[in-house]
Amino acid sequence: MPYQYLPLAAPSALLLAAAISFLSAASPARLATRLAEALAFVAMAGAAASAIWLVLHGPGDAIGLSGFGLSLRLDAVSGTMLVLVGFVGWIVVRYAATYLDGEARAGAFMGWLCTTLASVMLLVTSADLVLLVLAWIVTSLALHRLLLFYPNRIGAQRAAAKKFVTARAGDMALIGAAVLLAQAYDTTRIATILDLARAGHGGGHAIAAASLLAIAALLKSAQFPTHGWLTEVMETPTPVSALLHAGVINAGGFLLIRFADVMLLAPAVLAVLVMIGGFTALFGGLVMLTQPAVKTSLAWSTVAQMGFMILECGLALFPLALLHIVAHSLYKAHAFLASGGAVEAVAAQRRPGAVAIPKARAVGRAFVLALAIYVLVGVGFGAVSGFGFGHKSPQAIALGAILIFGVAYLLAQGLADAAPRALTRRTMLFAVATSVSYFAFQAMAVELTAGVLPAAPLPGPLEWALIVLAVLSFGAVAVAQAMFPLWAYHPAAAGLRVHLSNGLYANAAFDRLLGGWRVRDPA
């Protein structure tokens with residue numbers, strides 16, 4: 001097989017698996033699900049081979065129906081995403097083959113699952129706007145069928161209905177953006193569009209397209225206030241939750257990363273992304289703490305993580321956002337697929353005693369120690385890099401400051417409240433490893449995507465104001481999370497806890513707007 005056809009192998013294997021699964025949809029078809037599992041492995045191997053080809057031969061377009069806009073491209077962004085989707089997809093398909101063993105509609109489920117994965121692969125490797133839009137829409141429609149795998153469940157109907165409305169609005173925004181980009185640059189080839197945008201071309205059409213791309217990404221990534229559907233899609237089988245939260249939900253961030261050069265033409269749009277993403281991250285992180293169910297808590301965690309990723313894109317930290325997608329996908333796929341085991345493990349343990357609430361004096365000491373550790377870590381990094389942090393942008397340093405302060409506070413809590421020495425030592429090692437790895441992985445991501453993703457420009461006055469606000473806000477929330485046992489169970493905070501557990505009722509307002517509560521049991 002010629003090398004230029006290699007990127008077609010992964011989605012083709014999954015489409016074949018989908019076809020086999022659909023043909024066996026009328027029966028349990030254990031053989032068909034096992035064939036789908038084998039073909040998912042072939043798809044993962046094809047993705048890995050494509051990445052090796054990329055390393056050996058460099059970026060380039062794969063042969064396809066280029067005359068119809070159906071061609072693929074391999075570069076650092078698409079290659080990374082292709083390998084990620086291939087690996088996570090293989091794990092999810094394997095899990096689903098066992099999870100649905102004996103289920104009457106297992107063949108149909110596996111067919112839509114493989115169709116969704118193939119569509120995502122085509123989405124992340126699209127070399128043309130036409131294929132990108134088609135793959136984006138097919139991914140959403142196939143996922144919709146998975147969300148309604150149990151169609152008689154009222155919760156599934158309501159969540160799928162909200163997801164459908166939100167997704168169609170995102171589709172319209174993406175189609176509008178594609179039309180404007182084609183008009184601005186007189187081509188639908190993505191690589192040419194990005195080259196011209198990097199040179200500063202595009203004008204008003206490109207800025208309008210950036211606005212629509214941002215809208216499509218915000219709707220796809222379940223940003224506030226359209227996040228409610230993501231926290232309610234719990235009536236589907238667990239493999240769908242893993243696929244959604246570890247894969248499809250990242251499409252919004254990928255869209256911004258893919259068109260990073262276009263987004264840089266619209267600084268005001270990036271500022272809006274910072275504000276919406278930052279608020280969603282803070283909001284989702286606080287609500288997550290109040291959720292009693294494992295999967296619901298994980299869903300709110302995804303809302304917060306997607307908000308943080310949108311924040312990174314708004315700060316023009318596109319390589320870091322790509323790294324965030326990889327890390328979050330691997331973590332969240334494991335978390336959802338292991339959620340049942342986590343519940344069983346908790347149930348098998350003895351019921352714990354009262355929550356240990358730290359004393360106010362200990363909290364104060366922890367805060368002072370955290371500031372001291374924070375300063376020492378900052379001075380240490382500054383000394384290593386000559387107090388310039390090398391070539392790192394102020395935006396990356398600001399996000400690192402948020403991360404390091406949260407780790408420093410966890411460590412300081414142990415020192416201030418006489419925690420066991422072994423725990424304190426482990427936390428200290430974790431703090432050092434986290435601080436070092438953040439900047440190391442960030443530098444690696446920048447290096448690997450050099451020439452494909454633009455470097456973050458120097459922030460202007462508005463960007464500096466948003467950076468300072470973000471650091472202060474996330475620092476305050478980090479302290480609030482660390483002090484959760486102290487304030488959450490105080491009688492004065494009972495009302496706040498109830499309001500947070502209900503997501504400040506934003507989802508209820510969205511339900512009412514869309515008439516979501518009119519869904520009724522057909523029986």
Side-chain angles (χ1 to χ4, degrees), residues 1-24 29-55 61-64 70-75 77-100 106-127 131-132 134-136 138-139 141-143 145-146 239-240 242-251 254 325-326 329-330 332-334 337:
M1 181 177 63
Y3 286 126
Q4 58 265 37
Y5 289 100
L6 194 55
L8 296 171
S12 298
L14 287 171
L15 289 175
L16 177 60
I20 294 174
S21 299
F22 284 129
L23 290 175
S24 64
R30 181 174 299 178
L31 177 61
T33 58
R34 296 304 173 184
L35 284 174
E37 181 182 347
L39 287 170
F41 178 80
V42 172
M44 182 189 67
S50 299
I52 295 174
W53 177 67
L54 172 65
V55 173
D61 289 353
I63 289 181
L70 305 179
S71 58
L72 306 182
R73 178 172 177 79
L74 272 182
D75 55 25
V77 174
S78 60
T80 300
M81 293 297 297
L82 184 63
V83 172
L84 177 65
V85 175
F87 177 70
V88 173
W90 173 57
I91 297 296
V92 172
V93 170
R94 282 192 63 197
Y95 187 96
T98 302
Y99 185 91
L100 294 171
F109 178 90
M110 195 65 74
W112 289 115
L113 178 63
C114 292
T115 300
T116 304
L117 287 169
S119 301
V120 174
M121 284 185 168
L122 292 174
L123 170 66
V124 299
T125 56
S126 300
L131 180 58
L132 183 136
L134 289 176
W136 176 282
V138 172
T139 298
L141 295 177
L143 178 64
R145 298 302 298 265
L146 291 173
V240 181
L243 173 68
L244 173 60
H245 290 263
V248 178
I249 196 68
N250 294 312
F254 167 78
I325 287 178
V326 174
S329 295
L330 296 176
K332 198 53 65 74
H334 175 270
L337 296 180

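Since this is a predicted model, take the numbers as computed values, not measurements.
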What's the verdict on side-chain contact (heavy atoms from CB on, under 4.5 Å) for V93 and L117, showing C-alpha distance, side-chain angles and the deciding distance? CA-CA 10 Å; V93 170; L117 287 169; 3.8 Å; yes

Could you walk me through whether L122 and L72 pass the side-chain contact (heavy atoms from CB on, under 4.5 Å) check? CA-CA 7 Å; L122 292 174; L72 306 182; 4.0 Å; yes

Evaluate L16 against V42 for side-chain contact (heavy atoms from CB on, under 4.5 Å), listing each step before the verdict. CA-CA 11 Å; L16 177 60; V42 172; over 6 Å; no

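Closest heavy-atom contact between A43 and L14: CB-CG, 3.7 Å. Minimum interatomic distance between L337 and A242 (heavy atoms only, all atoms of both residues): CD2-CB, 3.7 Å. The two atoms that bring W136 and A251 nearest to each other are CZ3-O, 3.7 Å, heavy atoms only. Summarising the geometry of M121 relative to P11, their closest heavy-atom pair is SD-N, 3.7 Å, with the distance given to 0.1 Å. For the residue pair V248 and V120, the shortest heavy atom distance occurs at CG2-CG2, 4.3 Å.
By the side chain to side chain contact (heavy atoms under 4.5 Å, CB included) test, A18 is found to be paired with F22, C114, T115, residues two or more places apart in sequence or in another chain being considered. For R94, the salt bridge (Lys or Arg N to Asp or Glu O under 4.0 Å) partners two or more places apart in sequence, or in a different chain, are E37. In this structure, the ring pair (Phe, Tyr, Trp, His ring centres under 6.0 Å) partners of F109, at least two apart in sequence or on a different chain, are F149.
S329 places no side-chain N or O within donor-acceptor distance of the main-chain N or O of V326, the cut-off being under 3.5 Å.
You'll find the side chain of L330 reaches within 4.5 Å of the side chain of L84, heavy atoms only.
Other residues, nucleotides and ligands place more than 12 heavy atoms under 6.0 Å from the OH atom of Y99.
Here the straight-line distance linking atom OG1 of T116 with atom CG of L123 works out to 12.0 Å at 0.5 Å rounding.
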